[in-house]
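Reading through the structure tokens given below for one structure.
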Amino acid sequence: MNTSEHDPIARWMKASQAPIPITDMDALVMAEVRAVARMKARQRRYLVFAWTSFAVGLVTGVWLSGPQYGGLATSVAVSVALVFAFDAVWRQSREWFSHPLLVD
Amino acid sequence: MTHPWIKEILSGDHEAFRHIVRAHQDRVWAIALSVVKYPDLAQDAVQNAFVNAFLKLRTYSGSVPFEAWLYRIAVNAALQELRKQPPLAEVSAEELEAELEEAHDESERIRIVLAKLKPNEALALQLHYLDGFSIQEITLITGWSESNAKVILHRARESMRKTMLP
């Protein structure tokens with residue numbers, strides 16, 4: 001480290017130091033962090049519910065159509081329909097109420 | 001004393017992140033300000049830096065000191081903020097001279113000179129002289145090569161000397 005007191009640059013740099021002018025910076029940052037954490041938690045819940053809908057759709061499709069030809073296609077169609085239905089309900093419920101599932 | 005907090009944050013205690021913010025906000029602020037020059041832009045850069053650090057905390061492997069990892073995020077956030085702004089107009093030697101003559105004391109003169117330095121030069125001075133980082137640590141924080149870091153630091157010193165000691 002060549003930042004000795006005899007080095008004028010070191011002295012000038014020290015003299016230029018000013019304290020952070022925003023007193024509640026940590027509160028501002030934490031408000032952002034909390035908002036981001038809430039958003040991430042919502043995304044995680046959304047993915048869990050979407051994949052669950054897809055799996056339920058797949059099982060229901062197989063159960064409805066049986067193992068005959070076209071069964072897999074029906075299953076996938078039912079799964080995709082269920083995911084879309086889930087998505088619609090998810091969005092609508094966010095608009096209608098502050099559902100406890102959606103708010104931390 | 002940062003590492004114990006990382007464990008707590010990753011296990012779901014988001015409020016523990018406040019300890020990291022409090023411990024590093026002054027340095028992150030100084031790094032951001034040295035790059036973007038304006039306090040309101042520095043504030044945005046600091047907020048973005050901490051939010052990015054929070055989001056990427058799981059990827060911190062411990063292979064570099066936590067401070068270097070965090071300050072690299074701060075440098076990137078400041079550079080990103082800088083890119084959003086229109087380029088600063090070049091200041092002529094006469095304009096700078098006039099501004100320095102109006103300064104009331106030495107610390108004001110220094111702040112004017114630092115504000116006129118190129119962002120990478122001001123950042124190099126900040127990291128080396130105020131944060132006490134070695135050239136190797138500066139390369140970790142900025143992503144510059146070792147020779148590039150030395151050149152930038154040398155130019156920064158020369159620019160400052162030339163302006164402060166006419």
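Note: hydrogens, waters and symmetry copies are ignored here, and every other heavy atom, side chains too, is used. Numbered from 1 within each chain, the chains take letters A, B, ... in sequence-line order.
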Contacts table for residues 147-155 of chain B: side-chain donor-acceptor under 3.5 angstrom, sequence neighbours left out:
unit_1	atom_1	unit_2	atom_2	d
B/Ser147	OG	B/Ser145	OG	3.4

* **Contact class of B/Leu55 relative to chain A, heavy atoms under 4.5 angstrom** => side chain

* **Those residues that, when tested against A/Phe86, pass ring-ring contact (aromatic ring centres under 6.0 Å, His included) (two or more places apart)** => A/Tyr46, A/Trp90

* To do: For the pair B/Arg157 and B/Glu121, find out whether any cationic side-chain nitrogen is under 4.0 Å from an anionic carboxylate oxygen.
  => no

* Taking atom types as modelled, is there a side-chain donor on B/Tyr71 or B/Asp131 under 3.5 Å from an acceptor on the other? -> no

* Asked: Atom CD in B/Glu8, atom CD1 in B/Ile20: separation rounded to 0.5 Å?
  -> 10.0 Å

* Structure fact -> Interface check, chain A: of B/Gln126, B/Gln43, B/Arg18, most non-hydrogen pairs under 4.5 Å belong to B/Arg18

* Asked: Checking heavy atoms, do the side chain of A/Met30, its backbone, both or neither come under 4.5 Å from chain B?
  -> side chain

* Side chain, backbone, both or neither: which part of B/Phe17 has an atom under 4.5 Å from a heavy atom of chain A? -> both

* Please state whether the side chain, the backbone, both or neither of B/Leu114 comes within less than 4.5 Å of a heavy atom of chain A. => side chain

